[in-house]
Amino acid sequence: LSYSEGENLSYFLTSDFFRERHFGSIVAASGTLIVLGGRDGSATPMALGEMEQWREGAWHQVNTKMSLERSYQCATGIAR
């Protein structure tokens, strides 16, 4: 689920994440969305360190990884 700001706030379904993810955090950064951390969808859930970026209408893996896998965390944008 994603949203579009403007005169009328609207929500729309997006493509799936590159891999199944539960409890991840999403943060707006440099005009895009980044999802990070969470747990995979396996029978014995493992923490994730991968990040995905929303661009060109879909979620994409990025080369950057968190320094430590995290399954429950929050994220916030910071102005530079």
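Values in this document were obtained by computation on a predicted structure and should not be read as measured data.
- Few gaps surround CE on Met66; more than 12 heavy atoms of other groups in view lie less than 6.0 Å from it.
- The CZ atom of Arg55 sits 8.0 Å away from atom OG1 of Thr32, with the distance rounded to the nearest 0.5 Å.
- The residue from His60, Gln61, Arg21 that alone fulfils the side-chain hydrogen bond (donor to acceptor under 3.5 Å, both in side chains) condition with Glu52 is Arg21.
- By the rule that hydrophobic residues join a cluster once side-chain heavy atoms approach within less than 4.5 Å of another member, Leu33 and Val27 end up as members of separate clusters.
- The two residues Asp40 and Pro45 come nearest to each other via the heavy atoms OD1-CA, 3.3 Å.
- Residues Ile26 and Trp54 fall within the same hydrophobic cluster, defined by Ile, Leu, Val, Met, Phe, Trp and Tyr side chains chained together at heavy-atom separations under 4.5 Å.
- If you take CH2 on Trp59 and CE on Met51, they are separated by 12.5 Å, rounding to the nearest 0.5 Å.
- In this structure, the salt bridge (Lys or Arg N to Asp or Glu O under 4.0 Å) partners of Glu50, at least two apart in sequence or on a different chain, are Arg19, Lys65.
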Donor-acceptor pairs are to be reported for all side-chain atoms of residues 70-77 against protein atoms at under 3.5 Å, with residues two or more places apart or in another chain.
unit_1	atom_1	unit_2	atom_2	d
Tyr72	OH	Arg39	NH1	2.7
Gln73	NE2	Ser25	OG	3.1
Gln73	NE2	Leu36	O	3.0

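- A ring-ring contact (aromatic ring centres under 6.0 Å, His included) check over residues 31-50, counting only residues at least two apart or in different chains, returns nothing.
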